[in-house]
Amino acid sequence: MPQDANAIRSILSLAPVVPVIILDDVSKARPLAEALVAGGLPILEVTLRTPNALKVMEEMGKVEGAIVGSGTVRTPLHMQQSVDAGCRFMVSPGISPRILDAADDIGIPLLPGIGSPSEAMTAAERGYSFLKFFPAEALGGAPVLKAFASPLPDITFCPTGGITPINAKTYLDLPNVICVGGSWIMPADALSSGDFARVEALAREASALRG
Ligand code: 3PG
């Protein structure tokens, strides 16, 4: 079926920031997810960019309050593997016809990425009203999404790529932005040293960005 707008809206409206997670160390999955949830960020995107990403996803899914999705989904196989790992939503960097066709057959909502009005229109023709805008800063940032609002009033975005605590609010203040995604909440040194208190503090700051 086409994107279930109510399902994806209800997920993406739970927090202003979706942590975009790149993690291979399965032993850190639970404490990381616990820190993010405790800091007020329950929507977690685990990218399929590491060999153990699916195991990380499974572990994070066991954390109370966490809603774990799959990111960097680029193939139908990625989709099936993510469903098997218990993902609750999926994010792809683009809108290849293959990925949209496969999503039609899977009852898990997909948030596909676009970078231009033409791609947004293509996705809308396929039934998508919630899209990722990627890579947001490199493509011109919040002014581009502001410019999308008038000609594409039926489309709501989650921008990701280059978002920071400094520029996040500029995006979140736009009426066509439901949330932003980013990795800044999990600095590499905090992850490698297991400093989950720092992650929780960064998550708490991020969760207060809207409101
Ligand atoms: C990504 O694709 O890695 C995400 O969009 C996160 O980007 P960021 O690391 O710039 O926050």
Side-chain angles (χ1 to χ4, degrees), residues 8 11-12 15-25 28-29 32-33 35-36 39-54 56-57 60 67-75 78-79 82 87 89-96 99 109-116 119-120 123 128 130-145 148 155-172 174 176-192 195 198-210:
I8 197 82
I11 291 172
L12 297 181
V17 177
V18 177
V20 178
I21 297 160
I22 301 175
L23 182 66
D24 195 47
D25 184 345
K28 290 186 170 146
L32 176 58
L36 292 166
L41 300 182
I43 310 303
L44 311 179
E45 177 188 337
V46 178
T47 61
L48 299 179
R49 299 186 203 173
T50 64
N52 284 320
L54 290 164
V56 167
M57 206 181 304
M60 288 191 160
I67 296 177
V68 182
S70 174
T72 323
V73 171
R74 293 184 51 196
T75 67
H78 284 159
M79 282 193 170
S82 302
C87 83
F89 65 97
M90 293 180 285
V91 184
S92 66
I95 52 158
S96 75
I99 206 87
L110 170 70
L111 180 75
I114 65 94
S116 70
E119 291 172 350
Y128 287 79
F130 287 83
L131 300 172
K132 160 170 152 147
F133 177 56
F134 175 79
E137 278 293 296
L139 290 174
V144 176
L145 283 181
F148 282 2
I155 302 181
T156 303
F157 295 93
C158 170
T160 75
I163 313 249
T164 68
I166 311 284
N167 62 22
K169 191 135 178 38
T170 314
Y171 287 96
L172 290 166
L174 296 174
N176 58 345
V177 168
I178 187 167
C179 62
V180 301
S183 63
W184 82 86
I185 312 108
M186 303 141 297
D189 58 331
L191 275 190
S192 60
D195 187 355
R198 184 164 161 224
V199 172
E200 184 177 331
L202 287 166
R204 189 158 288 119
E205 282 173 23
S207 68
L209 276 168
R210 179 181 270 156

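Counting convention: from 1, in listed order, for ligands and their atoms alike. All residue numbers refer to positions in the sequence shown, counting from 1.
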Contacts for ligand 1, heavy atom under 4.0 Å, by chain and number, are V20, R49, F134, T160, G161, G162, G182, S183
Is there side-chain contact between V18 and V180, with heavy atoms separated by less than 4.5 Å? no
**Message:** Is there a side-chain contact between S70 and V46 in this structure, where contact means two heavy atoms from C-beta onward sitting under 4.5 Å apart?
**Reply:** no
| So, does N52 use its side chain to make a donor-acceptor pair with the main chain of D24 at under 3.5 Å? | yes
Q) What's the verdict on side-chain contact (heavy atoms from CB on, under 4.5 Å) for F89 and V68, showing C-alpha distance, side-chain angles and the deciding distance? A) CA-CA 7 Å; F89 65 97; V68 182; 6.0 Å; no
Closer than 4.0 angstrom, basic N to acidic O: yes or no for K28 and D25? yes
Which side-chain N or O atoms in residues 132-142 pair as donor and acceptor under 3.5 Å with protein atoms at least two apart or in another chain?
unit_1, atom_1, unit_2, atom_2, d
K132, NZ, T160, OG1, 3.4
E137, OE2, Y171, OH, 2.5

